[in-house]
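This report concerns only the one structure given below.
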Protein chains: 2
Amino acid sequence: MTVTLADVAARARVSPATVSRVLNGNYPVAASTRERVLRAVDELDYVLNGPASSLAAATSDLVGVLVNDIADPFFGIMASAAQSAIGESASGRAGGQKLAVVCNTGGSPERELTYLTLLQRQRAAAVILMGGSLEDPEHLAATAGKLAKLAEAGTRVVLCGRPPVPGDAHAAALVFDNRTGARRLAEHLLGLGHRRIGYVAGPADRTTTRHRLEGHREALAAAGVAEGPTVHGPYDRRSGHEATAELLARDPSLTAVVAANDTVALGVCAALRERGLSIPGDVSVAGFDDLPFSIDAVPALTTVRLPLHEAGVRAGRLAMGTEEAPAGGRDTVPAELLVRGSTAPPRG
Amino acid sequence: MTVTLADVAARARVSPATVSRVLNGNYPVAASTRERVLRAVDELDYVLNGPASSLAAATSDLVGVLVNDIADPFFGIMASAAQSAIGESASGRAGGQKLAVVCNTGGSPERELTYLTLLQRQRAAAVILMGGSLEDPEHLAATAGKLAKLAEAGTRVVLCGRPPVPGDAHAAALVFDNRTGARRLAEHLLGLGHRRIGYVAGPADRTTTRHRLEGHREALAAAGVAEGPTVHGPYDRRSGHEATAELLARDPSLTAVVAANDTVALGVCAALRERGLSIPGDVSVAGFDDLPFSIDAVPALTTVRLPLHEAGVRAGRLAMGTEEAPAGGRDTVPAELLVRGSTAPPRG
DNA sequence: TCCTCGATAGAAAGCGCTTTCTTCCGAGGG
DNA sequence: CCCTCGGAAGAAAGCGCTTTCTATCGAGGA
């Protein structure tokens with residue numbers, strides 16, 4: 001029924017071992033023999049049996065990329081970059097064709113763990129975790145344990161946009177400098193003269209949320225300005241929309257709103273506009289991440305750019321072992337303030 | 001070193017066969033025995049060897065989801081929906097935990113084929129192809145062949161947003177009614193009084209592009225209105241931005257521009273605005289897909305809504321066999337016109 | 001001319017699981 | 001009281017590949 005290595009071997013009049021060696025290309029095979037084998041493969045339309053191969057070789061060509069929300073371009077961009085970096089470096093066994101796959105955790109710790117187990121089960125060659133994680137100690141410990149076990153089994157572990165697991169030297173980590181980015185953004189607003197700044201934060205208990213909030217507060221504290229109202233919510237426009245009402249209710253004299261990210265900022269803008277407030281005339285708005293649409297917002301969004309594509313590519317390379325792991329196992333990815341039309345001095 | 005089924009068996013004082021049966025749960029095992037086995041599994045922290053399991057059982061728990069561009073929310077939303085639908089239906093063997101993975105083809109036929117081969121290699125349980133495909137006959141034939149082979153090997157094949165492969169009864173297909181959607185949109189514009197309508201189409205040779213264009217032309221033809229300038233380009237904002245210049249150069253008297261999708265429409269709006277043209281005062285703009293941000297554009301984008309989430313869920317269910325395949329193997333997903341602020345009658 | 005060595009190719013032993021075929025055991029039926 | 005029968009567990013044969021260990025052959029070197 002299905003064509004096996006043995007069938008190919010028979011047709012090429014060689015042993016199965018030889019066929020395997022031709023296919024994996026890490027053993028000297030005479031050119032004429034190789035030729036014959038490849039022809040047989042072609043004629044029989046043979047496709048390697050992955051499970052069998054993985055079982056025998058004790059490794060697979062699967063690379064898992066875990067993201068919090070695949071429908072969010074923030075992750076889409078990084079995942080896409082990683083996937084192409086992985087697809088390109090076609091080295092290693094079996095033609096080096098790795099199967100880079102992205103798994104959507106939806107931000108749920110359980111699903112994250114489930115996916116990690118599933119990947120462990122598949123003996124994945126590498127795993128990339130993208131985006132911030134929950135800060136629940138229990139979950140952190142569980143994840144750390146899983147990752148350690150994966151690393152131990154030979155799976156390369158890469159963190160991208162997530163702080164390194166304390167006490168885990170196995171994983172290479174690309175850490176986004178959310179704190180500095182948020183600080184710069186707040187400093188920009190303060191520099192413009194804003195003193196009453198609302199903040200629509202991301203979900204509580206997330207590293208990304210906390211770091212951005214901390215950077216924001218640092219700047220305020222340094223300037224001796226009191227912290228404005230803060231509301232937490234998911235990373236979507238609706239959250240920004242709803243939070244704005246809450247923020248305004250708590251402090252009607254706000255002159256600026258900082259959003260957890262650009263998507264949220266869009267919701268903030270919509271809500272502001274519905275109330276007849278102009279941007280940045282009445283209220284300045286700022287986002288984070290510099291997602292593609294943020295430059296097309298009206299007015300264009302002041303935001304903090306994270307080099308998502310570049311980070312994704314690096315994560316992919318690290319996963320493939322194509323790029324040297326950074327010294328100390330971690331490297332910081334800088335955030336850059338982008339001032340655009342949505343922020344201006346407060347109405348005098 | 002690594003814990004195997006045999007280790008668990010030894011610890012539970014049963015045979016490997018029994019452990020396997022407990023884990024797969026499709027054979028009578030006495031409650032007390034099951035208990036003992038599960039405890040051993042837990043104590044040893046045993047994780048099933050996926051490749052070995054797949055090899056022996058001749059099936060795997062991998063479900064591949066192929067998308068054209070993972071960074072595009074259009075695909076992200078569908079993929080996310082499919083993935084959660086797949087994650088939820090935890091029936092079948094091995095706890096039924098399927099590993100739903102999304103693969104990014106980048107719209108490249110080669111990569112699409114590569115991924116299909118890789119999934120075939122893994123003996124994937126199902127494959128979902130999302131989004132339009134290239135209309136190149138050669139590629140179409142190659143894909144059809146691959147899909148036939150996959151289906152033959154027991155892999156379920158689902159098409160979502162892509163026309164069914166002619167003469168292929170294996171695949172269930174969810175077809176977006178792009179043609180009708182585009183026609184309605186054009187009719188709307190015509191109804192407002194527009195007679196000079198530019199069109200920024202998607203990449204040539206793509207089914208989605210062609211169907212939308214055809215619907216558009218149908219409406220124009222029915223109304224006896226001459227077709228305006230058309231420019232092709234990728235599905236990104238830059239394309240819309242650049243195409244607008246071209247469109248305006250070809251016909252400076254345009255009163256409306258229809259874009260391939262919402263993202264492109266955003267680029268169109270930006271370009272128009274840069275030229276000092278107001279929307280919809282000087283030029284009306286319409287998008288397609290109703291991506292989340294389109295309602296936050298200023299003005300809000302008139303567009304055609306496709307139920308991406310629902311379609312994704314259905315695709316996931318079809319892949320799991322949880323949902324009955326539609327009669328005739330294909331089902332049409334309706335498109336709904338959404339009139340918002342970006343379209344208005346042309347200036348008098 | 002004999003022996004050694006490098007380059008290839010083959011034989012065969014698993015890899016860790018699933019599953020068919022058996023075996024075993026206690027409960028009823030005759 | 002013996003036999004049959006059904007439920008539960010074990011034995012063992014692979015699943016299709018990789019890889020170590022061997023075998024073979026022709027070319028040089030002594």
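Per chain, numbering begins at 1; letters A, B, ... match sequence-line order.
At whole-Å resolution of the value, CD in B:Q120 and C1' in D:dG16 are 15 Å apart. A straight line from CZ of A:R36 to P of C:dA9 spans 8 Å, rounded to a whole angstrom. Here C:dG16 presents its C1' atom at 7 Å from OH of B:Y46, a figure rounded to the nearest Å. In this entry the distance linking CG of B:N49 with C1' of C:dT18 reads 13 Å, nearest Å. Atom CZ of A:R121 and atom C1' of C:dC17 are 12 Å apart (whole Å). Distance, B:D61 CG to C:dC17 P: 14 Å, rounded to whole Å. Rounded to whole Å, the distance from CG on A:L48 to P on D:dG16 is 12 Å. In this structure, CZ of B:R21 is placed 13 Å from C1' of C:dC17, rounded to the nearest angstrom.
By the 4.5 Å heavy-atom criterion applied to side chains, A:D205 and A:D136 are not counted as neighbours. Put simply, the side chain of B:R123 does not reach to within 4.5 Å of the side chain of B:S54, judged on heavy atoms.
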Working note: B:L129 + B:V67, criterion side-chain contact (heavy atoms from CB on, under 4.5 Å); need CA distance, chi angles, decisive distance, verdict.
CA-CA 7 Å; B:L129 274 72; B:V67 301; over 6 Å; no
B:E135 vs B:R206, test: salt bridge (Lys or Arg N to Asp or Glu O under 4.0 Å). Steps then yes/no.
CA-CA 6 Å; B:E135 293 204 291; B:R206 298 237 143 222; over 6 Å; no
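Nearest nucleotide to the B:A52 side chain, out of C:dG16, D:dT19, C:dG14: C:dG16.
Applying the 3.5 Å distance criterion, the base of D:dG16 shares no donor-acceptor pair with the side chain of B:R123.
Side-chain N/O atoms of B:S15 include none lying less than 4.0 angstrom from OP1 or OP2 on D:dA9. Listed pair A:T18 / C:dA9 fails the phosphate criterion, with no side-chain N or O lying under 4.0 Å from OP1 or OP2. Close to D:dT18, at under 4.0 Å from its OP1 or OP2, lies a side-chain N or O of A:S20. In this model, the phosphate group of C:dT18 is approached by a side-chain N or O of B:N24 to a distance below 4.0 Å at OP1 or OP2.
Checking side-chain atoms of B:Q83 against main-chain N and O of A:N104 turns up a donor-acceptor pair under 3.5 Å.
Tested against B:S108 for a side chain to side chain donor-acceptor pair (under 3.5 Å), the candidates B:R111, B:E112, B:E110 yield a single pass: B:E110.
Residues B:L5 and A:R34 each lie close to DNA chain C; by heavy-atom proximity, the contact nearer the 5' end of the strand is made by A:R34. Comparing B:L55 and B:S32 along DNA chain D, the residue whose closest nucleotide (by nearest heavy atom) sits nearer the 5' end is B:S32.
Defined by atom type and a distance below 3.5 Å, a donor-acceptor pair is present between the side-chain atoms of A:Q120 and A:K146.
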Pairs: protein N or O with nucleotides 4-8 of chain C N or O, under 3.5 Å:
none

